[in-house]
Asks: 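The structure that follows is given in the form of structure tokens.
In the text below, chain A, chain B and the rest are named by the order of the sequence lines, each starting its count at 1.
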2 protein chains.
Amino acid sequence: MEKMDEGVRSRSRGGRRAERPQQRDPERTRASILAAATREFAENGIGGARVDAIAERAGTNKRMLYHYFGDKEQLYLAVLEEAYVDIRTAEKSVNLSGLAPEQGIAELARFTWRYFLQHPEFLSLLGTENLHRARWLRQSTRLKELHSHFIGELSDLLERGKAKGLFRTDIDPLNVYLTIAALSCFYISHQYTLSTIFGRDLMEDANIVAWERHIIEATLASIRR
Amino acid sequence: MEKMDEGVRSRSRGGRRAERPQQRDPERTRASILAAATREFAENGIGGARVDAIAERAGTNKRMLYHYFGDKEQLYLAVLEEAYVDIRTAEKSVNLSGLAPEQGIAELARFTWRYFLQHPEFLSLLGTENLHRARWLRQSTRLKELHSHFIGELSDLLERGKAKGLFRTDIDPLNVYLTIAALSCFYISHQYTLSTIFGRDLMEDANIVAWERHIIEATLASIRR
DNA sequence: TCACAAAGTAACCGTTTAGTTACTGGCTTG
DNA sequence: CAAGCCAGTAACTAAACGGTTACTTTGTGA
């Protein structure tokens, strides 16, 4: 995952099938360009990302990048789409319907926090996208149709909680989702300025564990009767 | 505040003193470059910002920009420093020591939310700075010394609240500050992707009012016994 | 088997970009 | 009042950049 530089070429040293080393591999080339672009855009934003740098990181030629993706902006869109597809796919593996209301909310918060923690590049792309007022997200019909199923699951959890008298009756699912997302996203995406200003490393294990507990507690506290 | 294009030049049509139109005005030129740079960096990030665009927006020449600020990066640093000085100055106008603990927390949350709402360029600069892992913030001794006095005021409020038996005793002031900042910052800086995905304009008056109430309620709920 | 399409390379191109040079005009002070 | 410094302008430059052209290599199916 670290060194992409020899990516495509190295296939010749032992491909899937020994009798045909297969020096060419369109899918692999495309995938390695996409992975390299994800890193480059996440690290530098769209204005700071360099097409040459992406090609080099992918271990391929700049020509291939234009061959598979058209231009820099379409490549960025492909990166953004992949990032959204990935999180939506991961979300589907979470099943909240069998859990008690409070446990369900906690599980949803835990998943969101941990996913963001493991995919900082997604948060970075989100930041870039918002800097540009969601220009590419709005442009992409595919992305606009890619809804999170969390809002639905959350509505269900809240209804069950309300019926049991556990939760306040004036709670909006979107508010709960935004609360979880805000507490998770901000802590990670602003870790550098925060750690510098407060002189405390927010990414220390103990602090990470404490903040996870805080997200869950604060979210539940805000919806309990 | 809107049209900077004629900035410096227009001084000749009536300066402070009629007898000396004063075509030159270093301070004004410097200030208009700084204001233009703030907008340009906030809108495009550091990689997307254009030196020529800043000069044009400032209604001056590119040479002046290098004359007053050295180069693009130092100009960015000046913009960042000014933004931090501005918020720290505004914070000082808030006096919480005379308020009851719950009212004090509410006031602090209200101030933070409203300041972010009125200064989205500050949030944008923060995002840019974090994208680059606080490279300029860490570099600037001036900025590292520019602490928020809110943490101190907050500690005091929390102590008083604990003494009265209102608040939990295991509360960390930094956690409370991060909670308020996260709920405020995320909603505003991610408004574009969120509004697009959820098909609801987060910046509608009613939604803004509701979220302010939510920030205050959620923060208080998370610290009450 | 060979023609043709697709995969891949490297050198190139016009434009944009940050930064500079060489200059003009005005303000201040010795 | 002149000398010299500072504010300001416009045209320039070298390098970086996104994107293209012209070409080679490889796999495949008529």
Asks: What is the distance from CG of Asn61(A) to P of dT26(D), rounded to the nearest Å?
Replies: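 Answer to the nearest Å: 16 Å.
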
Asks: Between Asn130(A) and Ser189(B), is there a side-chain donor-acceptor contact under 3.5 Å, judged purely by atom types and distance?
Replies: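 No.
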
Asks: Below 3.5 Å, can you tabulate the donor-acceptor pairs from side chains in residues 80-92 of chain B to any protein atom, sequence neighbours excluded?
Replies:
{"unit_1": "Glu81(B)", "atom_1": "OE1", "unit_2": "Arg142(B)", "atom_2": "NH1", "d": "2.8"}
{"unit_1": "Glu81(B)", "atom_1": "OE2", "unit_2": "Ser140(B)", "atom_2": "OG", "d": "2.9"}
{"unit_1": "Arg88(B)", "atom_1": "NE", "unit_2": "Leu146(B)", "atom_2": "O", "d": "3.1"}
{"unit_1": "Arg88(B)", "atom_1": "NH1", "unit_2": "Glu91(B)", "atom_2": "OE1", "d": "3.4"}
{"unit_1": "Arg88(B)", "atom_1": "NH1", "unit_2": "Glu91(B)", "atom_2": "OE2", "d": "3.2"}
{"unit_1": "Thr89(B)", "atom_1": "OG1", "unit_2": "Val85(B)", "atom_2": "O", "d": "2.6"}
{"unit_1": "Glu91(B)", "atom_1": "OE1", "unit_2": "Ser148(B)", "atom_2": "OG", "d": "3.0"}

Asks: Looking at dA7(C), I'd like to know if its phosphate oxygens (OP1 or OP2) sit under 4.0 Å from a side-chain N or O belonging to Thr29(A).
Replies: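 Looking at the OP1 and OP2 atoms of dA7(C), neither is under 4.0 Å from any side-chain N or O of Thr29(A).
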
Asks: How close or far is atom P of dC17(D) from atom CD of Glu40(A), stated in whole angstroms?
Replies: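 The answer, rounded to whole Å, is 10 Å.
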
Asks: Side-chain contact, heavy-atom cut-off 4.5 Å: Phe198(B) with Leu194(B)?
Replies: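 The answer is yes; the side chains approach within 4.5 Å.
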
Asks: Does anything in residues 58-75 of chain B form a salt bridge (charged side-chain N to carboxylate O under 4.0 Å, His left out)? List the pairs, not counting sequence neighbours.
Replies: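 For residues 58-75 of chain B: Asp52(B)-Lys62(B), Glu73(B)-Arg135(B).
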
Asks: Hey, does the side chain of Thr60(A) come within less than 4.0 Å of dT9(C)'s phosphate (OP1/OP2), counting only N and O?
Replies: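 Indeed, a polar side-chain atom of Thr60(A) lies that close.
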
Asks: Can you work out whether Lys62(B) or Arg30(B) has the more 5'-proximal nearest nucleotide on DNA chain D?
Replies: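 The residue whose closest nucleotide sits nearer the 5' end is Arg30(B).
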
Asks: For nucleotides 13-16 of chain D, tabulate all protein N/O to nucleotide N/O atom pairs closer than 3.5 Å, reporting atom names and distance.
Replies:
none

Asks: Less than 4.5 Å apart, any side-chain heavy atom of Arg39(B) and any of Glu121(B)?
Replies: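 Not touching, per the 4.5 Å side-chain cut-off.
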
Asks: Mind jotting down which residue pairs meet the ring pair (Phe, Tyr, Trp, His ring centres under 6.0 Å) criterion with at least one end in residues 49-74 of chain B? Sequence neighbours excluded, please.
Replies: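 Matches after skipping sequence neighbours: none remain.
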
Asks: Quick one: list whatever passes side-chain contact (heavy atoms from CB on, under 4.5 Å) with Glu212(B), sequence neighbours left out.
Replies: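 Per chain and number, Glu212(B) pairs via side-chain contact (heavy atoms from CB on, under 4.5 Å) with Arg110(B), Trp113(B), Arg114(B), Ile216(B).
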
Asks: Name all pairs fulfilling the salt bridge (charged side-chain N to carboxylate O under 4.0 Å, His left out) condition that reach into residues 184-211 of chain A, sequence neighbours left out, sorted by first residue then second.
Replies: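 Listed once each, the pairs are Arg200(A)-Asp172(B).
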
Asks: What contact category does Ala49(B) fall into here, base, sugar-phosphate, or nothing, at under 4.0 angstrom with non-hydrogen atoms?
Replies: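 Sugar-phosphate contact only.
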
Asks: Just to verify, what does Tyr115(B) make a ring-ring contact (aromatic ring centres under 6.0 Å, His included) with, not counting sequence neighbours?
Replies: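 Checked Tyr115(B) against ring-ring contact (aromatic ring centres under 6.0 Å, His included); matches are Phe111(B), His119(B).
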
Asks: Report the distance from atom CD1 of Ile46(A) to atom P of dC17(D), rounded to the nearest whole Å.
Replies: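 Roughly 15 Å, once rounded to whole Å.
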
Asks: Write down the distance between CG (Leu75(A)) and P (dG19(D)), rounded to a whole number of angstrom.
Replies: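 For the pair Leu75(A) CG and dG19(D) P, the rounded distance is 10 Å.
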
Asks: Report each atom pair, protein N/O against N/O of nucleotides 21-23 of chain C, whose distance is under 3.5 angstrom.
Replies:
{"unit_1": "dT21(C)", "atom_1": "O4", "unit_2": "Arg63(B)", "atom_2": "NE", "d": "3.4"}

Asks: I need the CG-C1' distance between Asp52(A) and dA10(C), as an integer number of Å.
Replies: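 After rounding, the reported distance stands at 13 Å.
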
Asks: Can you check whether Arg50(A) reaches Ile54(A) side chain to side chain, under 4.5 Å on heavy atoms?
Replies: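 No; the side chains remain at least 4.5 Å from each other.
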
Asks: When we call it a touch if two heavy atoms are under 4.0 Å apart, what does Ala53(B) touch: a base, just sugar-phosphate, or nothing?
Replies: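 Since no nucleic acid heavy atom lies under 4.0 Å of Ala53(B), the category is nothing.
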
Asks: Sequence neighbours excluded, which residues qualify as ring-ring contact (aromatic ring centres under 6.0 Å, His included) partners of Tyr76(B)?
Replies: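 Expected list: Phe41(B), Trp136(B).
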
Asks: If you take any heavy atom closer than 4.0 Å to DNA chain C, which residues from residues 64-73 of chain A end up in contact?
Replies: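 Heavy-atom cutoff 4.0 Å gives Met64(A), His67(A), Tyr68(A).
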
Asks: For a quick test of your reading: what N or O donor-acceptor pairs under 3.5 Å do the side chains of residues 174-187 of chain A make, sequence neighbours left out?
Replies:
{"unit_1": "Thr179(A)", "atom_1": "OG1", "unit_2": "Asn175(A)", "atom_2": "O", "d": "2.7"}
{"unit_1": "Thr179(A)", "atom_1": "OG1", "unit_2": "His214(B)", "atom_2": "NE2", "d": "2.7"}
{"unit_1": "Ser184(A)", "atom_1": "OG", "unit_2": "Ile180(A)", "atom_2": "O", "d": "2.9"}
{"unit_1": "Tyr187(A)", "atom_1": "OH", "unit_2": "Leu202(A)", "atom_2": "O", "d": "2.8"}

Asks: Taking Ser195(A) for its side chain and Tyr192(A) for its backbone only, find out whether a donor-acceptor pair lies under 3.5 Å.
Replies: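 No: the side chain of Ser195(A) does not pair with the backbone of Tyr192(A).
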
Asks: Stems in DNA chain D: runs of 3 or more consecutive Watson-Crick or G-U pairs, distances under 3.5 Å?
Replies: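 DNA chain D forms these stems: C:1-30 with D:1-30.
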
Asks: Is Asn207(B) close to Trp211(B) at the side-chain level, that is, under 4.5 Å between some pair of heavy atoms?
Replies: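 In short, these two side chains do not touch, never coming nearer than 4.5 Å.
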
